[in-house]
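Heads up, the thing below is written out as structure tokens.
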2 protein chains.
Amino acid sequence: MRLTTKGRYAVTAMLDLALHGTEKPVSLADISSRQDISLSYLEQLFAKLRRNDLVSSVRGPGGGYRLSRGGDEIFVAQIIDAVNETVDATGCGGTADCQQGEVCLTHHLWCDLSEQIHSFLSGISLAQLVARREVQSISARQDARSQPQGGPLSLAEV
Amino acid sequence: MRLTTKGRYAVTAMLDLALHGTEKPVSLADISSRQDISLSYLEQLFAKLRRNDLVSSVRGPGGGYRLSRGGDEIFVAQIIDAVNETVDATGCGGTADCQQGEVCLTHHLWCDLSEQIHSFLSGISLAQLVARREVQSISARQDARSQPQGGPLSLAEV
DNA sequence: ATTAAACCTACTAAATTACTAGGTTTTAGC
DNA sequence: GCTAAAACCTAGTAATTTAGTAGGTTTAAT
């Protein structure tokens with residue numbers, strides 16, 4: 001099983017989309033500057049998210065990405081699956097041929113763990129994350145930091 | 001977070017110890033042949049397990065390793081921690097300075113997940129694994145395969 | 001026509017994993 | 001005491017993955 005920066009970036013970016021994409025599409029450049037993730041790397045991740053039908057894109061100036069459906073219908077597990085292939089903890093990928101074609105001593109343990117992790121992450125939607133108080137305040141901090149130019153200044157910026 | 005062959009090998013080897021180490025110490029050569037794990041690699045893993053006081057060793061001929069305490073007092077999480085450093089799912093290792101010294105958008109999510117995984121694996125002892133029916137039968141199969149020579153045959157081998 | 005954006009492909013540096021090689025030290029048994 | 005079985009130790013290495021860079025093309029708003 002792998003749960004590294006890749007999956008964390010993907011979830012973070014999707015959450016950014018959920019927070020900012022309510023009106024118009026959000027460009028990867030915006031996400032990149034708000035979340036400190038390399039633009040090119042984001043492009044690669046979003047190619048996978050798009051293939052997995054989690055986001056839809058609008059090309060050309062003013063374009064960007066939108067969630068393909070409501071934040072209450074997109075779950076963290078789906079995002080990680082999309083970029084990480086799997087959160088499976090077994091060595092055999094669930095095929096149970098871990099030791100010379102037969103099941104290994106600890107196969108069932110890893111199956112149980114995979115199940116556990118998957119069901120935990122499947123129970124958390126983007127909408128639930130958006131609703132969290134700490135997410136709200138961190139997002140506000142990020143907005144203040146990355147859009148200091150143009151438009152009226154908010155109080156938080158002075 | 002990482003959960004790869006390394007952690008799986010360690011848990012498998014420890015379970016092998018729990019199954020076979022009731023009377024005399026078990027050599028890594030035995031574990032290696034039963035579980036198909038490279039001997040040298042096992043040595044490296046056991047160096048860590050020993051440093052974490054999960055096993056004790058007996059040197060010289062007839063020597064090997066024993067669990068340092070009862071199988072009901074050794075938990076899967078401890079074994080994985082010993083060889084893997086951590087099952088933490090955050091990028092910052094829990095220090096909450098993920099984004100330029102401040103907490104990142106998804107920090108709390110990964111904290112929750114880490115907590116979840118750790119408490120799951122902390123609740124499973126070697127003794128509980130030994131008691132599982134499927135572990136018993138897989139172990140019997142492995143014994144039959146790797147000790148066909150010498151000594152009186154057990155009923156399970158004919 | 002410009003330009004902002006998605007979209008695409010190939011490459012690369014760093015890290016990690018899984019493993020090998022080649023020792024030394026300890027100690028039981030002869 | 002000698003031999004051999006075992007732990008113990010250090011260094012290296014091939015393969016894989018991650019995270020990121022580079023350098024484009026295509027699309028479409030203005």
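Every chain is numbered from 1, with letters handed out A, B, ... down the list of sequences. Just so it is clear, the structure is predicted and the values come from calculations on it, not from any experiment.
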[X] [atom1] to [N] [atom2], straight-line distance once rounded to whole Å:
X     : N      : atom1 : atom2 : result
B:I80 : C:dT17 : CD1   : P     : 13 Å
B:L45 : C:dT20 : CG    : P     : 13 Å
B:K24 : C:dT27 : NZ    : P     : 19 Å
B:R8  : C:dT17 : CZ    : P     : 12 Å

What donor-acceptor contacts under 3.5 angstrom involve side-chain atoms of residues 70-79 of chain A, with partners at least two apart or in another chain?
unit_1	atom_1	unit_2	atom_2	d
A:Q78	OE1	A:F75	N	2.9

Are OP1 or OP2 of [N] and a side-chain N or O of [X] less than 4.0 angstrom apart?
X     : N      : answer
A:K6  : D:dT18 : yes
B:Y41 : C:dC19 : no
A:Y9  : D:dG20 : yes

Heavy atoms under 4.0 Å is the rule here; annotate nucleotides 3-10 of chain C 5' to 3' with B where the base is hit, S where only the sugar-phosphate is, and - elsewhere.
BBSBBB-B
Tell me which one of B:V26, B:I37, B:D30 satisfies side-chain contact (heavy atoms from CB on, under 4.5 Å) with B:D16.
B:V26
Contacts of A:R132 meeting salt bridge (Lys or Arg N to Asp or Glu O under 4.0 Å) (sequence neighbours excluded), chain-then-number -> A:E134, B:D112
Is it true that A:I80 and A:I124 fall in one hydrophobic cluster, defined by side-chain heavy atoms closer than 4.5 Å?
yes
Check: A:R34/B:Q99 side-chain N/O donor and acceptor closer than 3.5 Å
no
I'd like to know if the side chain of A:T106 pairs up with that of B:T12 as donor and acceptor (distance under 3.5 Å, no hydrogens or angles considered).
yes
